[in-house]
2 protein chains.
Amino acid sequence: MRSPTLHDVARSAGVSYSTADRVLNGRGGVAEKSAQRVQRAIEELGYRRDIHAANLSRRRNYRFLFLLPRGDHGFFTVLREALARETVRRMVDRLVITHREVPAFDAEALAAELDATNPEDYDCVALIGVDSAALDTAIRRLVENRLPVITLVSDSASDLRQSYIGIDNVIAGRTAGRLMRLTHLGRTGKVQPILGTLGVRDHRDRLQGATEVIAAAGSGLQILPPIEVQDRPEIMLGRLSDILQGDPGITGIYSIGGGNRGLIELLDRITGPRPVAVLHELTPHSRAALERGVIDAVIDQKPAEEISRAIDAMRAIADDMPAPDSRVVPTIYLADNLPDQNANGGWT
Amino acid sequence: MRSPTLHDVARSAGVSYSTADRVLNGRGGVAEKSAQRVQRAIEELGYRRDIHAANLSRRRNYRFLFLLPRGDHGFFTVLREALARETVRRMVDRLVITHREVPAFDAEALAAELDATNPEDYDCVALIGVDSAALDTAIRRLVENRLPVITLVSDSASDLRQSYIGIDNVIAGRTAGRLMRLTHLGRTGKVQPILGTLGVRDHRDRLQGATEVIAAAGSGLQILPPIEVQDRPEIMLGRLSDILQGDPGITGIYSIGGGNRGLIELLDRITGPRPVAVLHELTPHSRAALERGVIDAVIDQKPAEEISRAIDAMRAIADDMPAPDSRVVPTIYLADNLPDQNANGGWT
DNA sequence: TCAAAACTGATTGACGTCTATCATCTCCTC
DNA sequence: GAGGAGATGATAGACGTCAATCAGTTTTGA
């Protein structure tokens, strides 16, 4: 029941260990027919190289670089904390994870950071994608220098990056739209979408998804033109409070992006019935709001899970294994199915 | 930047490698003060044993046994498939996972299977808990013979098993109740709960959770006495169709257990408005029903994730690391946020 | 046909840990 | 102060792979 070693492969192929090794590791200098015999032996025996023994032997560490946005934006904070946890958790597996902070929403700065990165220093890089020619160029340089790149949370340069780990934002938007429909069964209403800016692809996608579902026949719902609040709580508070006063018929609020502290503050002030409120991303603020019944649902992309999967993917890439894209399914949190407060969403 | 080895520890403690090894692996025969010096060196250097090198050296495999219910019950099928995937996926990590099928819902048979298990043959056992004295006895025997046991999906013998991986069923029920409230905003209604039998703890817990939320002040909802259908589609179909005809005021159906094929068949027949329907467990049937709009929400416990976490926990236990309980948060699936069909819920 | 090139095999010492054996050395006890 | 128990050190061979070297064989082509 012992699994075969490379020695077994060599013996079965009728060649020396050296030759089997040359084939396995593509060192060259092997006659075609020998190579084929080794390959066949590998398949016949079902040989799989013991990756741990290999790593031990070559004193290999997996060196991964994460570029994450700076700042106290709730979601990014959660993301950074998840990364910090995984960093220590994975040390036993020889993963050396470096984390550099870059200014949020600044493609140029991100590109500059990549340009300043020596491709020799890492085995894989993860970053949050943005649509930007400068970023694409920077990514291309790394990839051409054999440093693979993956995108996280938001995709970009999809022909260059090896893998994308994150949610499909159209689906996230559709999920929000579905929640609006379900909370409006048997009645009509108007839904007000709020986003950071229409310039961000992710926000447009969510809006599109929500619109698809809400505007579909039989919903009895109307979706209003979106307002832009730059992910800023103050702007959110001001603009939205104007709008709610102007149109008392609004029965649903869908907050697509950030700045939710403003929204929550506003909802806290409302006495009597309030509109249904659906937000994105579980943060201490949104969680507290859910718990005290000020908002109804949070759509979350499980940052801890994304980080963990990103690391898995990076490791697979570093080991030259296929690393599939991994679409995370957006999760719905209501007041009752919140994860343990301290337990990073249950991700040990 | 190299992480310290046991040789480093020995040198730093001023003892030989042998002594350091004796301390690390508790082989005994070491003077108290030497042991302390070694311990101190370990802490000072931050030494962590290289578990992969250790496993390599002692030719260790992790031998885990899963006892899962037989039968084509949708949920159990998903569970078995997830296990099969993980079994191959984890082979590279020296995990040898054995899977034995036991009759479903039969504590005696499960206990018998455990009794027939030689504690020497495995490093950890996972099973789905049931309240049963016979099972407790069987578990006790294993644990006393140094074979740790964990429970999955449903807990039992909580003082004997090392860890429980699964959802909190009260929370799952509350989540269903919350969905009922949200789908009844601005209107009143009656919710009919359906379960396998009140004899099953998990079902009672879910009912309790749902009742807590639905019966709370301000819901405008009434929860009807539960009906028992033994998880059987035919019974479900018959009983429920009688009840719906008898009481046209029913606006919500909460199916707590199995037999959902009967429920779906019934709902498919309804023309015009139908009650809100919330089910448990994503299976091919429930998924299809969601997609064609016959039911509204599925509460899922992510079996693939549970399996994966169970294996993580078992490995931690086998390595003498702390293995925390892992409460999985029940997930809500609507028509729009379903996972990839083939992709076991996104769990690679 | 002979030298160069291409290929093959044998061997060795890592990597960090486990396990076993054997030889010392230091006490304590009678 | 001899005998024994207990503690310690030294050493060696595994585990499966990597990486390098060197000697030897076969093939190629001019």
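Chain letters run A, B, ... following the sequence lines, proteins first, then strands; residues in each count from 1.
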- Query: Can you tell me how far C1' of C/dT8 sits from NZ of A/Lys33, to the nearest Å?
  - Reply: 11 Å
- Task: Could you verify whether a donor N or O on one side chain and an acceptor N or O on the other, from A/Asp93 and A/Tyr62, lie under 3.5 Å apart?
- Result: no
- Roughly, in whole Å, what's the span from CD in B/Glu32 to C1' in D/dA7? 13 Å
- Message: Looking only at the side chain of A/Thr19 (C-beta and beyond, no hydrogens), which of the listed nucleotides D/dT8, D/dC18, C/dT8 gets closest?
- Response: C/dT8
- Item | No-H, no-angle donor-acceptor pair, A/Arg22 side chain to C/dG9 base, under 3.5 Å | yes
- A/Asp340 with B/Arg327: basic N within carboxylate O range, under 4.0 Å: no
- Item | Residues B/Glu81 and B/Arg85 bridged, charged N to O under 4.0 Å | no
- If each of B/Gly28 and B/Ser57 is mapped to the nucleotide of DNA chain D with the nearest heavy atom, which maps nearer the 5' terminus, i.e. the 5' end? B/Gly28
- Message: Whether B/Asp136 and B/Arg141 form a salt bridge (side-chain N of Lys/Arg under 4.0 Å from carboxylate O of Asp/Glu) is what I want to check.
- Response: no
- Query: Picking from C/dT8, C/dC18, D/dG16, which would you name as closest to the side chain of A/Ser34?
  - Reply: C/dT8
- Closest to the B/Val30 side chain, choosing from C/dC18, D/dT8, D/dG16: D/dT8
- Query: Could you give the CZ-to-C1' distance, from B/Arg58 to D/dC15, as a whole number of Å?
  - Reply: 12 Å
- Separation of atom CZ in B/Arg60 from atom C1' in D/dG16, rounded to whole Å: 18 Å
- Message: Both B/Ala35 and A/Ala53 contact DNA chain D. Taking the nearest nucleotide for each, which residue is further toward the 5' end?
- Response: B/Ala35
- Note on the structure: Taking D/dG16, C/dA14, D/dC18 as options, the one with an atom nearest any side-chain atom of A/Arg59 is C/dA14
- Check every atom of D/dT17, D/dC15, D/dA10 against the side chain of B/Leu56 and return the nucleotide holding the closest atom. D/dC15
- Taking CD from A/Gln36 and C1' from C/dC7, how many angstroms apart are they, rounded to a whole number? 16 Å
- Query: What about B/Ser18: does its side chain form a donor-acceptor pair under 3.5 Å with the base of D/dA10?
  - Reply: yes
- Task: Measure from the side-chain heavy atoms of B/Arg27 and tell me the nearest of D/dA19, C/dT19, C/dT17.
- Result: C/dT19
- Query: Contact class for B/His7 (heavy atom, under 4.0 Å): base, sugar-phosphate, or nothing?
  - Reply: base
- Note on the structure: B/Tyr47 has its side chain closest, among C/dT17, C/dT19, D/dG16, to C/dT17
- Task: Answer yes or no: is there a donor N or O on one side and an acceptor on the other, between the side chain of B/Arg49 and the main chain of B/Leu6, under 3.5 Å?
- Result: no
- Task: Could you state the atom-to-atom distance from CG of B/Asp8 to C1' of C/dC15 in whole Å?
- Result: 13 Å
- Message: Whole angstroms only, please: what is the CZ-C1' distance between A/Arg94 and D/dC18?
- Response: 13 Å
- Task: Calculate the interatomic distance between B/Asp21 atom CG and D/dT8 atom P; express it in whole Å.
- Result: 14 Å
- Message: What contact category does B/Asn55 fall into here, base, sugar-phosphate, or nothing, at under 4.0 angstrom with non-hydrogen atoms?
- Response: nothing
- Message: Rounded at 0.5 Å granularity, tell me how far CZ in B/Arg90 sits from CZ in B/Phe64.
- Response: 9.0 Å
- Query: If you check every side-chain atom of A/Thr5, which of D/dT17, C/dC18, C/dG16 has the closest atom?
  - Reply: D/dT17
